[in-house]
Amino acid sequence: MLDPAAIAAIEDLELSARLVVEGFRTGQHRSPLHGFSAEFSQYRQYRPGDDLKHLDWKALARTDRLYTRQFRETTNMSVMLVIDTSASMDYPRGGGVTKFQYARVIAAALAYLIVTQGDAVGLMTIDGGRLSYLPARGGRVHLRALIARLGQLTPSGTWRPAEAITRGADLLKRRGVIIALSDFYDDEAETARALRRVARRGHDAAMLQVISRDELAFPFDDDVEFEDAESGERRLVSAATVAREYRAGVADFLAHCRSEAKRDGVDYALFPTDIAPDRALRSYLIKR
């Protein structure tokens with residue numbers, strides 16, 4: 001398994017993505033749509049306007065009825081990656097892999113996997129307070145451009161998750177997959193509504209929640225001063241006094257995210273940043 005800190009420290013993000021992807025193997029997806037491609041799916045009765053080249057003449061001779069051969073569509077699946085670039089993702093600062101570094105490696109690995117299996121991938125985020133977008137395309141040139149764009153992003157300020165998710169779905173030319181990578185601390189209700197609307201429109205929606213181990217375990221002692229990465233607010237607390245309440249609150253928050261996603265038909269996976277990225281991604285894709 002690949003050490004998260006070692007992977008995040010590699011300056012070449014494309015190399016990081018390739019190492020993660022090569023750490024596991026997954027099967028090919030099947031399209032839920034039907035068209036006329038090389039893979040036979042089923043027969044159905046002829047309808048006026050159907051292409052005559054797909055008529056089964058042998059079936060006509062046997063049954064005196066017209067049947068059209070229907071094939072499984074092989075048109076590329078389109079995936080839109082939506083990544084959180086807010087300041088809260090830049091944790092922990094000054095030591096270990098940050099949530100943003102981890103999420104960026106996972107996003108790059110997903111992009112690498114999607115393109116190498118012949119599908120299209122795009123990117124939607126907020127950079128400098130404005131939406132930043134790369135359309136969903138395939139090919140190695142586009143993959144390098146997308147990974148280069150990921151490498152240029154830096155976490156700062158706040159982000160508008162509902163806007164980024166909704167706009168990313170709008171810009172997909174057909175039904176596809178929306179994958180949001182975030183700690184999901186911002187605008188929880190609006191984010192859930194945006195993912196629910198995306199799923200109801202026929203897209204396959206997924207939320208990958210990236211959380212550091214310190215945020216889960218709260219391994220602090222004595223008095224600790226905490227600073228809100230986005231607002232700058234500081235608060236001095238007694239770690240021993242608030243530890244139990246904090247851990248219970250985090251557990252409730254994660255359970256709420258998971259249950260809302262399940263209710264709304266949205267895929268959910270928790271990605272702690274101390275788990276090897278190839279292991280975490282393999283587990284998620286197998287579950288899908």
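In this chain, numbering begins with 1 at the start of the sequence shown. Note that these values count all heavy atoms, side chains included, but never hydrogens, waters or copies made by symmetry. All values reported here derive from a predicted model rather than from experimental measurement.
In this structure, A145 and L134 approach most closely via the heavy-atom pair O-CD1, 4.1 Å. Nearest approach of T116 to L113, heavy atoms of both residues: OG1-O, 3.1 Å. Of all heavy-atom pairs between V82 and A164, the closest is CG1-CB, 3.8 Å. Nearest heavy atom pair, residue S132 against residue R149, reads OG-NH2, 3.0 Å. Smallest separation of non-hydrogen atoms from W159 and I83: CZ3-O, 3.8 Å. Between V266 and A199, the closest heavy-atom pair is CG2-CB, 4.4 Å.
Partners of S238 by side-chain hydrogen bond (donor to acceptor under 3.5 Å, both in side chains), not counting sequence neighbours, listed by chain and number: T241.
A distance of 10.5 Å separates CE in M89 from CZ in R104, rounded to the nearest 0.5 Å. Taken to the nearest 0.5 Å, the OG1 atom of T166 stands 7.5 Å off from the CZ atom of R201. Note that CD of E245 is 10.0 Å distant from CZ of F218, once rounded to the nearest 0.5 Å. Here the straight-line distance linking atom CD1 of I106 with atom CG of D278 works out to 8.5 Å at 0.5 Å rounding. Going from atom CG of L81 over to atom CG of L208 covers 9.0 Å, rounded to the nearest 0.5 Å. To the nearest 0.5 angstrom, L172 atom CG is 6.0 Å from S78 atom OG.
Hydrophobic clustering (side-chain heavy atoms under 4.5 Å, transitive across Ile, Leu, Val, Met, Phe, Trp, Tyr) keeps I275 apart from V250. By the rule that hydrophobic residues join a cluster once side-chain heavy atoms approach within less than 4.5 Å of another member, F271 and F253 end up as members of separate clusters. Criterion: ILVMFWY side-chain heavy atoms under 4.5 Å apart, direct or through other members. Under it, L285 and V115 are part of a common hydrophobic cluster. Linking ILVMFWY side-chain heavy atoms closer than 4.5 Å, directly or via other members, places F100 and L123 in a single hydrophobic cluster. Cluster membership check: Y133 does not share its hydrophobic cluster with I114, using side-chain heavy-atom separations under 4.5 Å among Ile, Leu, Val, Met, Phe, Trp and Tyr.
None of I211, L216, V210 except one satisfies the side chain to side chain contact (heavy atoms under 4.5 Å, CB included) rule with T273; the exception is V210.
Using a 4.5 Å cut-off on side-chain heavy atoms (C-beta onward), R140 and Y112 make contact. M124 places a side-chain heavy atom less than 4.5 Å from the side chain of L131. Residues E163 and E190 are not in side-chain contact: their nearest non-hydrogen atoms beyond the backbone lie 4.5 Å or more apart. Considering only heavy atoms from C-beta on, L110 comes within 4.5 Å of L281 through its side chain. Between T125 and L153, some side-chain heavy-atom pair lies under the 4.5 Å cut-off.
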Self-check item: Pair R282-R279, side chain to side chain contact (heavy atoms under 4.5 Å, CB included): steps then yes or no
Solution: CA-CA 5 Å; R282 182 176 186 271; R279 177 184 171 188; 5.9 Å; no
Quiz prompt | Derivation of the side chain to side chain contact (heavy atoms under 4.5 Å, CB included) call for T191 and M207 | solution = CA-CA 10 Å; T191 302; M207 55 185 296; 5.9 Å; no
Practice problem: Any chance you could lay out the side-chain hydrogen bond (donor to acceptor under 3.5 Å, both in side chains) test for T154 and S156, step after step, and finish with the verdict? | Solution: CA-CA 6 Å; T154 55; S156 63; 5.0 Å; no
Practice problem: Would you check, one step at a time, whether the test side chain to side chain contact (heavy atoms under 4.5 Å, CB included) holds for I179 with V79? | Solution: CA-CA 7 Å; I179 301 178; V79 181; 3.9 Å; yes
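Here the side chain of H142 pairs no donor or acceptor atom with the backbone of A136 at under 3.5 angstrom. Side-chain atoms of D84 do not come within 3.5 Å of backbone N or O of S182 as any donor-acceptor pair.
Summarising the local packing, CG of D252 is surrounded by more than 12 heavy atoms from other residues, nucleotides or ligands at distances under 6.0 Å. Within 6.0 Å of CZ in R244 there are 12 or fewer heavy atoms belonging to other residues, nucleotides or ligands.
Applying the side-chain hydrogen bond (donor to acceptor under 3.5 Å, both in side chains) rule to pairs touching residues 203-216 yields K99-E215, Y185-E215, D204-R288, Q209-Y268, S212-E215, R213-D274, sequence neighbours excluded.
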